[in-house]
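Note sheet for the following structure.
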Number of protein chains: 2
Amino acid sequence: MTKEITIYDIARELKLSPATISRGLKSSKVINKGTVKRILEKAEELGYRHNNFASSLRKQKSHTIGVLLHELNSNFITSVLSGIEKITAEAGYDIIIAHSGESYEKEVSNVTNLFHKRVDGLIASLSFTTENLDHFKLFFEKNIPVIFFDRADENSDSTHVIIDNYKCGYTVTQHLVEQGCKRIVLLTSNLKRNVYAQRHRGYVDALFDAGIPYNKKLVMIKDLGEESAVAAAHEILKMKPRPDGLFVTNDFKAAVCMQELKRNGVKIPEDIAIVGFNNDAISKLIEPQLSTVNYPGKDMGEITARNLVNHLKGEGNIATTRRIIVKSDLIIRGSSLRKKVHLPL
Amino acid sequence: MTKEITIYDIARELKLSPATISRGLKSSKVINKGTVKRILEKAEELGYRHNNFASSLRKQKSHTIGVLLHELNSNFITSVLSGIEKITAEAGYDIIIAHSGESYEKEVSNVTNLFHKRVDGLIASLSFTTENLDHFKLFFEKNIPVIFFDRADENSDSTHVIIDNYKCGYTVTQHLVEQGCKRIVLLTSNLKRNVYAQRHRGYVDALFDAGIPYNKKLVMIKDLGEESAVAAAHEILKMKPRPDGLFVTNDFKAAVCMQELKRNGVKIPEDIAIVGFNNDAISKLIEPQLSTVNYPGKDMGEITARNLVNHLKGEGNIATTRRIIVKSDLIIRGSSLRKKVHLPL
DNA sequence: TTATAAAATGTAACCGATTGCATAAGTTTT
DNA sequence: AAAACTTATGCAATCGGTTACATTTTATAA
């Protein structure tokens, strides 16, 4: 364990004060250019490394942003992450990633932990089972900025970056109707999560506008696991009359479901047309390829991070922005495309 | 921005010294039990939060472990992560996750950053393009422990946790031979990475043992992208005579490849039997289901983290352990199972 | 050449928890 | 009742960088 080099060591060697070294290391303009050069060279020579603890302690800033994710295992979330990283890195912030694994308890402990770590700001996506935002109070009270993305509480005053889930739900349902579906199952998750609630509303309204009566029995609320997707498929198989359309609010679940339906002799999209959600890699690899809603993860990540960074730098204020909506669109593939499109001659 | 509560505030209120508060907050046995209780209650009452910066500065320990990943987007890696988290959390360590996105430059900057953040230890998996371990020198020189998992440099002295890639390569190839394959393509990546090099060696030896001549043209080295998997499929289609076996060292690539082959009328497994690697979720969802090698991610994560934590606590020394091999096994599914197995009567 | 402003550097007080050593009070031993 | 421990708490230095303010040096204006 070699001794650590500090600014005092550099100061001694160059016969300067620690203050000058501190400023010089940051290439401050108040320090003579030549001096700055000598300081940087000496620092390099001695193997100096900046002490974040001392710096953060004094500045009362960690220069770190916390990122709280509900999961890490989807294309979508890793795209968001890369967007966040790009922006925060450019702005010189470090990030600490915490993921809740969809568990409310873990989310609470992560939030508390990030709070104790004194992150300067927080980017968060709520877990599947989160019921309220009480655990974020710590942040709100101390005015530490928090921005939610994707999974947010739309009723709270907090700033959030989302897609128009209502419109997506509407568009997907409308698309299935156009493909001739009359009995469309919605396989979704906890309606307390804004993303699922809004998609559900879109589904309901699209059916209404198409003159198709809403049938509560066709809405299935399941968790995100593989087993529940298999179970859902079996329920669908037992329904009489058999549904002819299926809108699953998650690609993985849609894929599992489709597989199970196919195994039981259901033809996709002829018997049942299916649309997923998220445009995960999997959607292009299964057969038939899955129609889905493209989620602009990277954009969401960049927008979210940029807002937070600007706020931290004082060039903007997230408190004045409540909601930012990012574009998303329906990708139609084999799992739902039934009719040949005839262009008018 | 409310003022932060410190141990001095608590000390003043309770008419005790800061030293006693500091000890009391950790429920030290040298402090009277009643006093500890009063301290903890007062801390709670005032909304005290521990200052990691001051503590780390003084203790010269961050109580944080750096985790350097090559990517985040696979089942395997997220399992590893959950294993690491489980163990480190139990031991009271925080983790900082950095991922290189398979880029050597990013890896270097991440390693440097984690070094400056003064992590107490590092868990790492090398990026696809990493050529040497020079950037870890900082850690080695200061005796900060580093453990590699999965992607490691097996020739260096560093401690690493891996699976027996040689055996896996051998077993997969042997399995394909048993299925009647005579011309087996190996679609793999950069042989400088130990994982790919070892699998390649296993492939070569299994062919040799089966009396099948090694044909260099059947070994295709490609990067990890989707495009290169498609390109590989096309090369295979052009080969004469057509290969009858395909071993892809990555499930995603195997899936893309299989899709492209099927599109071109190749029957799986009759014309070409395919085996992937990693047992990603995707392997069970495509058709036919993909035979693959199960990678015990969570186990690897736990073992790696446990070794590091024990080392940090002084209850073990990673310097004495060079290599830990975790069990893995072949999962045979539809993509490679050709012959009906006839049990002897 | 002196007055004045600008540039460069220094002084010293923080930031908040930790811990070796000292002290004080209480208990047991002789 | 004095000596020898135990137990509980306090003192004060330390970790290393930052920054308001002061001081010195240098450049420019009068």
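We name chains A, B, ... by the order of the sequence lines, and we start the count at 1 in each one.
With Asn194(B) contributing its side chain and Ala152(B) its backbone, the two residues share a donor-acceptor pair below 3.5 Å.
Set against dT19(C), dG16(D), dG16(C), the side chain of Glu4(A) has dG16(D) as its closest nucleotide.
Every residue meeting the side-chain hydrogen bond (donor to acceptor under 3.5 Å, both in side chains) condition with Ser127(B), not counting sequence neighbours, appears here in chain and number order: Thr129(B), Thr130(B). Scanning for salt bridge (charged side-chain N to carboxylate O under 4.0 Å, His left out) contacts around Arg151(A) gives Glu102(A), with sequence neighbours left out. Residues that satisfy the salt bridge (charged side-chain N to carboxylate O under 4.0 Å, His left out) test with Glu105(B), not counting sequence neighbours, are absent from this structure. Not counting sequence neighbours, the partners of Lys192(B) by the salt bridge (charged side-chain N to carboxylate O under 4.0 Å, His left out) test are Glu131(B). Remark: Glu44(A) engages no residue in a salt bridge (charged side-chain N to carboxylate O under 4.0 Å, His left out) (not counting sequence neighbours).
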Contacts under 3.5 angstrom, residues 30-41 of chain A side chains, donor-acceptor by atom type, not counting sequence neighbours:
unit_1   : atom_1 : unit_2   : atom_2 : d
Asn32(A) : OD1    : Gly34(A) : N      : 2.7
Asn32(A) : OD1    : Thr35(A) : N      : 3.4

Kindly list each side-chain donor-acceptor pair under 3.5 angstrom involving residues 86-94 of chain A, sequence neighbours excluded, with atom names and distances?
unit_1   : atom_1 : unit_2    : atom_2 : d
Thr88(A) : OG1    : Ile84(A)  : O      : 2.8
Thr88(A) : OG1    : Glu85(A)  : O      : 3.3
Asp94(A) : OD1    : Asn113(B) : ND2    : 3.4
Asp94(A) : OD2    : Lys117(B) : NZ     : 2.8

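Rounding to whole angstrom units, CG of residue Leu25(A) and C1' of dT19(D) are separated by 15 Å. Atom CD1 in Ile7(B) sits roughly 13 Å away from atom P in dC15(C) (whole-Å rounding). Rounded to a whole Å, the NZ atom of Lys117(A) is 16 Å from the P atom of dA17(C).
Within residues 48-65 of chain A, the residues having any heavy atom under 4.0 Å from DNA chain C are, by residue number, Leu57(A), Arg58(A), Gln60(A).
Each end of the helix from dT1(C)-dA30(D) to dT30(C)-dA1(D) gets its own axis from five base pairs, and the two axes differ in direction by 40°, given to 10 degrees.
Residue contacts for Ser22(B): at a heavy-atom cut-off of 4.0 Å it reaches a base atom on one of the strands shown.
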Are any protein N/O atoms closer than 3.5 Å to N/O atoms in nucleotides 8-10 of chain C? If there are, list each pair with its distance.
unit_1  : atom_1 : unit_2   : atom_2 : d
dT9(C)  : OP1    : Thr35(A) : OG1    : 3.0
dT9(C)  : OP2    : Asn32(A) : N      : 3.1
dT9(C)  : OP2    : Thr35(A) : OG1    : 3.3
dG10(C) : OP2    : Ser17(A) : N      : 2.6
dG10(C) : OP2    : Ser17(A) : OG     : 3.2
dG10(C) : OP2    : Thr20(A) : OG1    : 2.7
dG10(C) : O6     : Arg23(A) : NH1    : 3.4
dG10(C) : O6     : Arg23(A) : NH2    : 2.8

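For the ring pair (Phe, Tyr, Trp, His ring centres under 6.0 Å) condition, the pairs that include at least one residue of residues 112-131 of chain A, sequence neighbours left out, are Phe115(A)-Phe139(A). Within the structure, no pair that satisfies the ring pair (Phe, Tyr, Trp, His ring centres under 6.0 Å) test touches residues 16-42 of chain A, not counting sequence neighbours.
Heavy-atom distances to DNA chain D give each of Ile21(B) and Tyr8(A) a nearest nucleotide, and the one nearer the 5′ end belongs to Ile21(B).
A 4.5 Å side-chain heavy-atom check between Met300(B) and Asp150(B) finds at least one atom pair inside the cut-off.
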